[in-house]
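Worksheet: one structure, shown below.
Side chains included, hydrogens not; waters and symmetry mates left out as well; all remaining heavy atoms used. Chain identifiers are assigned alphabetically (A, B, ...) following the order of the sequence lines, protein sequences preceding nucleic acid strands; residue numbering begins at 1 within each chain. Note that the coordinates shown come from a computational prediction; the quantities given were computed from them, not determined experimentally.
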Protein chains: 2
Amino acid sequence: MSDAAPKSTRNDLTSVENETTKEGERRRNAVSPDEDLLLAAAYVYDAQYNRNIPFETSPQAVRLYYFYNHWAMQAATYLFIVVDLSLALFEDPALYSLPFLATSLVEVACLLAFSGRLTHYGKVTPRDVFWKDTKNICVMATIVINFLDLIIYGALKMADIHSIRWSRVLRPIYLINFAESRQIRRAFRSIRNTLPEILYVFLLFLFSVLMFSLMALKLFGSRKLKTAEGAPYFTNYLDVAFDLYVLVTTANSPDVMMPAYDYNGWYSIFFIVYIIINTYIFMSVFLAVVYNNYRKHLKNEIRKLVYMKRRKMVDAFNILKVKENTEFVVKEDRWKKLVKLVAPDISNAHRELLLRVSDDKQTGHVDKDAFVRLADLLNIQVIATKARWHPLEIWMPTLYNSVVSCFIRKVVQHKGFVYAYDVVILVNAIFIALDERNPLISYAEWVFLTLYISEILLKLYTYEPRTFFAKNQFWNWFDTLIIIAALIATLVNAGLKSASQYNSQQVLDIVFILRVLRLIRIVDSIQRFRVIINTLINIVPTMLTFGGLILAIYYVFAIIGIEIFKGKIQFFEENSTAPYSQECGNPALKDSAFSKSKYCKNNFNHIASSFIVLVELTVVNQWHVLASGFAQVTHEAAKLYFIAFHVVIVIMIIK
Amino acid sequence: MSDAAPKSTRNDLTSVENETTKEGERRRNAVSPDEDLLLAAAYVYDAQYNRNIPFETSPQAVRLYYFYNHWAMQAATYLFIVVDLSLALFEDPALYSLPFLATSLVEVACLLAFSGRLTHYGKVTPRDVFWKDTKNICVMATIVINFLDLIIYGALKMADIHSIRWSRVLRPIYLINFAESRQIRRAFRSIRNTLPEILYVFLLFLFSVLMFSLMALKLFGSRKLKTAEGAPYFTNYLDVAFDLYVLVTTANSPDVMMPAYDYNGWYSIFFIVYIIINTYIFMSVFLAVVYNNYRKHLKNEIRKLVYMKRRKMVDAFNILKVKENTEFVVKEDRWKKLVKLVAPDISNAHRELLLRVSDDKQTGHVDKDAFVRLADLLNIQVIATKARWHPLEIWMPTLYNSVVSCFIRKVVQHKGFVYAYDVVILVNAIFIALDERNPLISYAEWVFLTLYISEILLKLYTYEPRTFFAKNQFWNWFDTLIIIAALIATLVNAGLKSASQYNSQQVLDIVFILRVLRLIRIVDSIQRFRVIINTLINIVPTMLTFGGLILAIYYVFAIIGIEIFKGKIQFFEENSTAPYSQECGNPALKDSAFSKSKYCKNNFNHIASSFIVLVELTVVNQWHVLASGFAQVTHEAAKLYFIAFHVVIVIMIIK
């Protein structure tokens, strides 16, 4: 993708239009109008979803392109990516152990699927474009490397030689580089662009930390001070630098200061100045640099997107246009066919509305400017609020419109109904807070369940069900799902209890959680809260992109962590008699902060626990205890792994 | 101050101009031209420094107003504020104890000074404006309350009844509300304006924490789990809520999770979800809300400032204007007199430049638009780079221009000179890192000192001293001060050593720090770093405002903390034999995390240690240990003090 594109938008645009006009002329003589329409629809599609895949325009290639973009193919690709990534759960060291043959067969299947997808992409896109795109080369190389690594590992395993499946580190490349993950790639690119600017601030920051470390060593090193654990205080330059780097993350404040502060009150000034400069000021500078750069790059990206969108729409227009008087236009019937092809599930009324907007003078054709706007028009959600008849009214009108029925509906629609249920929720909250071992209270639970279920039934009786469960009615969906799940879980629990006199802990936990989740509904009754929650729901897609990026980074670090630290630290049950069970099975951890804090379960023995350790490292607090623990069971240099993770994750989060 | 002003800027402006025109007409007949000039200069002054004090326009009041704004008066006010605030150092419980009579006499002096300043302000400003301004009322009330409190406390003390000097909490009001601290007040106002918006998000956040606490209580409360310290885990609702609030600040991660995680790996999901929602998502929402509001209010403030500035300049113009042909103008000689009055220390050349800009057509008078721009013109720093003669060249030209002298000057100006000294600094860094007890190395220190001093002397020989020490030459100042200080400290140290065979620790510490600080100069050699450092230096004034605000908050919390917690926790030397010396002198702290972490010196026994505790609380890490410690020696409700401080300081910092 050329970065130069947006800069010369204007000039390019005209030349592109002229060029494709000629091409369109040529094409029109060769292919049928239906195939034309298909090609134009593909362009509109791409513009609508901001896709940017250069594809060949022969009818076969276009059909292949449609197939490539089919939701099932995309879902399958994602599925294979997820399966490939989750293989780590079953590979040695496994959370759920599977034989090597099983995991390797699944991996081969995934690799074949990725190859197939890439081949498909190769057929769709022109040959020279395909080979110029680094992301294709990248995926291809990863597939080959994964294959080779798998074969070598298998062969060595048969010869009983232990080796490392090191190429697993590369798996997140599929997540980032497959064309479907445009958002993730864009985020990745904007981070990469920010790096050079950050680098200088980071170097200055590092310089500052090292200067302060030198000062600390000179000030405190010869005082023979002891830390709270009795270790020597600030006597080794590397240790001092590590301690002060940890202080930037605030994770060892105020402990790192206490020995010096106890010795002389004035020394606290050293640490306060250090924190102000290195934590607060440098962090602000980092933030400012990243924010500025991010905005700049974002602007570029958006400009590029807009340019691409317009270009695609112009392409589509050039295919369908006919000359009407002096200007080129698209006839109304062709336009309608196109829209039907692009958006098959919108209603007739909606399509008519779009036409009215595009052809506001009702000339029977759509001109170029209006046509180009179509991609954006299609993205506008039109909520059709049809006054639908309630199904019950159609099936038994007399009963539904009887006096009693009307009264019920009026009650449900009344404001008091909402308030009454708010009171029910509050009372429910009190009951939940009370002890549930009292039988009276556990009966009350049935009463509340009945009340909630009857609320939903009453609402369904009053409001039209399809309107009630419309796509944008988040809270109705939420309520119903929670209540149904609670009903099922409570029934299962009661069933288990009467059958075996035994509460299943899992089911009980779920019942508890569902009960408390029900209380969230009270938030919906307060307008201001609803606004905030809706905003939060709207940013979920952005957060998912971010989540994908975090997942890729976690995966890489988890795999590396597993290979370095697996088995070094073990978790034992409370009253285990295994040797060194108090030291996480490793005598090197005797009297360490790691074992004293009972962090034994924070280990890299399988991918799930590795992820949890990485989450803890992301939260930052106590990360130095984890880092020191793992350094004690391996080598001091292991701290570099933790520092690297911290730096990477900080860059991610402040982005 | 009316917030409505900026909204109707345009309309107001015309009416104001008309009104003051008439007033100016009236005045011109009554007062002498010199007094006119003085009044106009006062307006220009105010516009230049964005001051906004409505003052009376009678000649006496204007003179009084000049006196009010005199730098000595302002400095005196600040001095009295600082003295008043620092009284807490000497009042019981004191860091340096002084008799009550002394501190109360000083306090009375301060209060009298504040009263005087306020009276002065009252004489300057119109009576009705004075009494309408809440900040005057506020200061007045504080003075009265401080007086009464002082008298009551003194009287009770004489009767040997112990009471509390509670009105000390109000002292920061002087810092915030005296007219000189406009910046602090503006920051305060913008925070106050943001509060309502934050409140709703905060309530939702609180609701979320309480919901999760309920869930945690239900999930883990009945499991009989134990924390790493052996305490019961999640059995009391209030404790759970506190623990989970602490988890939002990440201060007890991952410890708070470990018992549940050890019990069952899946429970980690509960904590991960909790952190994602309450730490990351809610913090982002807080940030977004605050940032949006802050920008909105900032825009308003700036618009208001611009409006005020223009208004003042128009007022000044109306006083000085005369009719020239069809339009009003200010004659050149009056304009010059005005500028001489407003900016007495700018050079003639600079004034001529300003005139040339204001009267670009050389008509001999300045029109209204050009006149209004004067306030901004005066704020532009004009750096006069005069090619000054070196004083030595004037005193002894033959020697200074001799071949040897010229050669020296050429060497110093050469790039290689800078590089050579970069190498010296690097070698110095290596020597500093080595052990200084080796006599060879301590002699090397003298070599380096000589090298640095000769560098400065050589530069002073080559470059003109006044240019070298110009205001904007930050690094030259920095270098010279550091080197001179190092020289003095090293001499003092050597003197002490030879006189008493004894190294003074304080002097040695200072020598160490100065030595390391010298190394910072290497940063200046790299262009990119210099840019970053200069940016940092430029934001110092903003940071000072922020620092003032933080100081006010710290002071209030420190005074409250002293009154609640003083004497509850004591610090003892390492091998003290006092009872409970390991428990900070308080048996309630036996086996607590507070005493185990040796936090005894983190107490509220005087204002200095209180400030340090508050800094530690600002850094957030381990704040729950401090909070729990102080709660154990007083009452559980003491945690509220710490939570309140955390909430306030978070709001400040994200602003």
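- In this structure, A:Phe529 and B:Tyr200 approach most closely via the heavy-atom pair CE2-O, 3.3 Å.
- For a residue to count as touching a neighbouring chain, one of its non-hydrogen atoms must lie under 4.5 Å from one of that chain's; by this rule A:Thr250 touches chain B with backbone and side chain alike.
- Ranked by heavy-atom pairs shorter than 4.5 Å toward chain A, the options B:Ile513, B:Ile526, B:Val625, B:Val531 are led by B:Ile513.
- Using a 4.5 Å cut-off between heavy atoms, B:Ile522 touches chain A through its side chain atoms alone.
- Looking only at heavy-atom pairs under 4.5 Å with chain A, the residue among B:Pro259, B:Ser284, B:Ala251, B:Ser208 that has the most is B:Ala251.
- For A:Lys218 (side chain) and B:Val511 (main-chain N/O), no donor-acceptor pair under 3.5 Å exists by modelled atom type.
- Only the side chain of A:Val285 has a heavy atom closer than 4.5 Å to any heavy atom of chain B.
- Proximity to chain B involves both the backbone and the side chain of A:Leu204, based on heavy atoms less than 4.5 angstrom apart.
- Under a cut-off of 6.0 angstrom, the local environment of CD in B:Glu445 is crowded, with over 12 non-hydrogen atoms contributed by other residues, nucleotides or ligands.
- In this structure, OH on B:Tyr599 lies 11.0 Å from CG on A:Asp262, to the nearest 0.5 angstrom.
- Between the side chains of A:Asn602 and B:Tyr261, not a single donor N or O lies within less than 3.5 Å of an accepting N or O.
- Considering only heavy-atom pairs separated by less than 4.5 Å from chain A, the leading option among B:Gly221, B:Pro254, B:Ala228 is B:Pro254.
- Residue B:Ser253 comes nearest to A:Asn621 through the heavy atom pair O-ND2, 2.7 Å, listed as atom of the first residue, atom of the second, then distance.
- Residues A:Thr618 and B:Tyr280 have side chains in contact (heavy-atom distance under 4.5 Å, counting atoms from C-beta outward).
- For chain B, the nearby parts of A:Ser609 are the backbone and the side chain; heavy atoms of each come within less than 4.5 Å.
- Proximity to chain B (any heavy atom under 4.5 Å) is restricted, for A:Tyr267, to the side chain, taken from C-beta onward.
- If you measure heavy-atom distances from B:Val201 to chain A, the contacts under 4.5 Å come from both the backbone and the side chain.
- Across B:Ile276, B:Leu203, B:Asp509, the residue that shares the most heavy-atom pairs under 4.5 angstrom with chain A is B:Asp509.
- With respect to chain A, the highest number of heavy-atom pairs below 4.5 Å among B:Ile281, B:Leu214, B:Leu519, B:Asp255 belongs to B:Asp255.
- In terms of heavy-atom proximity, A:Met258 sits nearest to B:Lys598 at CE-O, 3.6 Å.
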